[in-house]
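Here's the structure, in structure tokens; my notes come after.
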Amino acid sequence: MADETVDVLIIGAGASGAAIAWSLAETRMRVVCFEQGDWMNPLDYPSTRTSWELERFGKYGFSPNGRGRREDYPINDGESPIHISNFNAVGGSTILYAAHFPRFHPSDFRVRTQDGIADDWPIDYAALAPWYDANARMMGVAGLAGDPAGPAKEPPLPPVPLGLLGETLARGFNELGWHWWPSDSAIATREYEGRAACINLGPCIMGCAQGAKGSTDVTYWPTAIKSGVELRTHCRVREITLDERGMADGVIYYDGEGRERRQKAEIVILACNGIGTPRVLLNSASARFPDGLANRSGLVGKNLMFHPYGLVTGIFPSALEGYKGPTGCSIISQEFYETDRSRGFARGYSFEMIRGMGPVGTALFAMSTGRVPWGARHHEAYAEIWDRTAGMVAICEDLPEECNRVTLDPALVDSDGIPAPKISYRLGENSRKMLDHAVARGREVLEAAGAKETVADAPLAPAGWHLMGTARMGRDPETSVVNEWGRCHDVKNLFIIDGSIFVTAAAVNPTNTIQALALYIGDAIKRNLADLFA
Amino acid sequence: MSDGFSAAQRAALAALLDALVPQSADGRLPGAGELGLASGIEQQLGAMCAFTAPGLDALDARARERGASGFAALGAAERAEVLNAHAAADPGFLPGLVFQVYSAYYQHPRVLSGLGLEPRPPHPKGYALEQPDLDALLAPVRARTKLYRDV
């Protein structure tokens, strides 16, 4: 039996779903969000146990295929050198993200105009700027004003301490005359809106036991729920259904006991990330949309973009206290961000510094790189790297290519029997050249900072954190899936608000932009409520 | 087939631990054998013990060829020789086991203390972290002109 019709049904309670739920709460419409995962308990996060370092190989690992949680769905990423990393819970992948929180550059929205490749966005930086500001207040962004690498902004919280490791690397950048800046970080560096201050636990990427990291279960959701939004966990959507006019009229989903149920809704909003969203659309094929819902353009699932990562680790001659402090938040460099054709590729990349490893991580790094033998020389060799590693990742801009795509796997299904996504992806030539450049520059700056040796890994296989482009936005229904405010061209009461709608990928972590877009779309929905489906 | 090791295999594993991670020369870090890690590793391996057991048996067999009753009965130098010989003959034997041994060893409170760390998880105490003089450190960056393109 169908539940009562709701005004707005949001699918997914992660970064974007939480933001738009909060945005729409003030309308007093009945807003319900379905999340296939559950609430997390921060006191269960690994940093509360001495075994914390090993838990990234278990239920706090990046890959849904390795975690073995019922809340996750499997992903066939065997045909991709970069493997999907995500998390399914209230908060979505913000539970495991590093909270590195940069903004796009103005040029990121004008790639075709400026560089003659890919496409322009139908919106620009100025349109998102007020929503970046609003998101900074809601997520609690720490940072420092005055960065010459981007438009002016005023982070509400002071920056994360660099520590000895960050200072050491910053001096390396200064030595070469390269740009660096304290990272914008969604981390409460002092008590903020009921959140405790960061105490530099380290493993942000396995959940923040302190509650200082801005995952949306501790930022947007408490406020949205207080304002009347209803969040239902363990609700996994199989497909979006249509009425006789071709408008979305709700979903078919499975509850926590695996029972098939229906939910009617006046407006449906997809917020399932760049893999989950095309999966739902492709699973919603019908006589009206035989190739998948809202897919008359044929672009649902296509143009998948990651950020190919190059990891460079330096081994230093003295201790860096690298096991202290937020893993991915110390400093950023955008020296090589904007296009310079003399480098042999278009577009560019950011460097994000990575803090050091704990004792187990150090031992396993040593083992995997053949650096520390077992036996008589073990301790002597281990002492040469313990607390002496510092890393950096190059986050490279991927370009949209239709051959990189999400389809439905013909055999693989989740625990409710819903067809699972399959990833077909290969690294483009531009990305490959960019990675080579980035690894070489990464080695150079680590050596300038004092590293006596460097080790590189590119493309970093488990780095499919950023999932973009698979339901792109644009003004032309022939070449895009949603319009300039997230509404599907083909289904006027169906919106998409996650990274799927990115036209290009930029070269920074996308969560801040995903959320700013969700707030921007929420605002557009509110402004157009009177004639939303005209 | 049982999920665990036999008594002889357990003895070989216990002896193997010190061969992999002996006590440090200055005595600050204990050998893996004296930390009682064997039962935890056996538990961690679970059903995978079946893949490790033949290697432990092979160590005993190689020790018997030298006239000892088993691998555990050898001295430290001989254990290293036997282990090296077996690792060369069966390259798949050690990597998984070394992963387990390092994982268990480097989270043990005595080892953490030996490394100069407090023997505790990061939460709830956390760590203090210094903020350097950002004004001084950023001076050369602030002196640059803007680095992004107008559109």
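Within every chain, numbering begins at 1; the chains are lettered A, B, ... in the order of the sequence lines, protein sequences first and strands thereafter.
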Using a strict threshold of under 4.0 Å (side-chain N to carboxylate O), is an ion pair present between [Y] and [X]?
{"X": "A/Asp115", "Y": "B/Arg149", "answer": "yes"}
{"X": "A/Arg171", "Y": "A/Glu167", "answer": "yes"}
{"X": "A/Glu335", "Y": "B/Arg144", "answer": "yes"}

Treating [X] as the side-chain partner and [Y] as the backbone partner, does any N or O pair qualify as donor plus acceptor under 3.5 Å?
{"X": "A/Ser47", "Y": "A/Cys208", "answer": "no"}
{"X": "A/Arg355", "Y": "A/Glu321", "answer": "no"}
{"X": "B/Arg10", "Y": "B/Phe5", "answer": "yes"}
{"X": "A/Asp120", "Y": "A/Thr113", "answer": "yes"}
{"X": "A/Thr50", "Y": "B/Pro121", "answer": "no"}
{"X": "A/Thr48", "Y": "A/Tyr45", "answer": "yes"}
{"X": "B/Ser6", "Y": "B/Gln9", "answer": "yes"}

With a 4.5 angstrom heavy-atom cut-off, is it the side chain or the backbone of [X] that approaches chain B, or both, or neither?
{"X": "A/Glu380", "result": "neither"}
{"X": "A/Ala366", "result": "neither"}
{"X": "A/Pro151", "result": "both"}
{"X": "A/Pro159", "result": "both"}
{"X": "A/Ser368", "result": "neither"}
{"X": "A/Leu144", "result": "side chain"}
{"X": "A/His179", "result": "both"}
{"X": "A/Arg49", "result": "backbone"}
{"X": "A/Leu162", "result": "both"}
{"X": "A/Ala209", "result": "both"}

Which of [options] touches chain B most, by non-hydrogen pairs under 4.5 Å:
{"options": "A/Gly150, A/Gly146, A/Ala126", "value": "A/Gly150"}
{"options": "A/Gly202, A/Gly325, A/Pro46, A/Ser51", "value": "A/Ser51"}
{"options": "A/Gln334, A/Gln210, A/His105", "value": "A/Gln210"}
{"options": "A/Asp124, A/Thr339, A/Leu164, A/Asp387", "value": "A/Thr339"}
{"options": "A/Leu43, A/Asp147, A/Leu201", "value": "A/Leu201"}

So, is the end of the B/Arg120 side chain (NZ or CZ) under 6.0 Å from the ring centre of B/Tyr127 and within 45° of the ring's axis?
-> yes
Among [options], which residue forms the greatest number of heavy-atom pairs with chain A at distances under 4.5 Å?
{"options": "B/Pro109, B/Pro122, B/Gly126", "value": "B/Pro122"}
{"options": "B/Gln107, B/Lys125, B/Arg28", "value": "B/Gln107"}
{"options": "B/Tyr102, B/Tyr105, B/Phe99, B/Tyr106", "value": "B/Tyr106"}
{"options": "B/Leu112, B/Leu117, B/Asp18", "value": "B/Leu117"}
{"options": "B/Ala19, B/Gly116, B/Ala25, B/Ser24", "value": "B/Ser24"}

Per-residue contact mode, [X] against chain A (heavy atom under 4.5 angstrom):
{"X": "B/Ala128", "answer": "backbone"}
{"X": "B/Pro95", "answer": "both"}
{"X": "B/Asp150", "answer": "backbone"}
{"X": "B/Pro140", "answer": "side chain"}
{"X": "B/Arg79", "answer": "neither"}

Test item: side-chain donor near acceptor, A/Asp108 and A/Tyr337, under 3.5 Å |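 Their side chains do contain a donor-acceptor pair, which is all the 3.5 Å distance test asks for.
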Will you find, in the side chains of A/Ser107 and A/Tyr125, an N or O donor that is under 3.5 Å from an N or O acceptor?
-> no
Gap between atom CH2 of A/Trp181 and atom CZ of B/Arg142 - 0.5 Å precision = 4.0 Å
When rounded to the nearest 0.5 angstrom, what distance separates CZ in A/Arg347 from OG1 in A/Thr504?
->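 Reported value, rounded in 0.5 Å steps: 6.5 Å.
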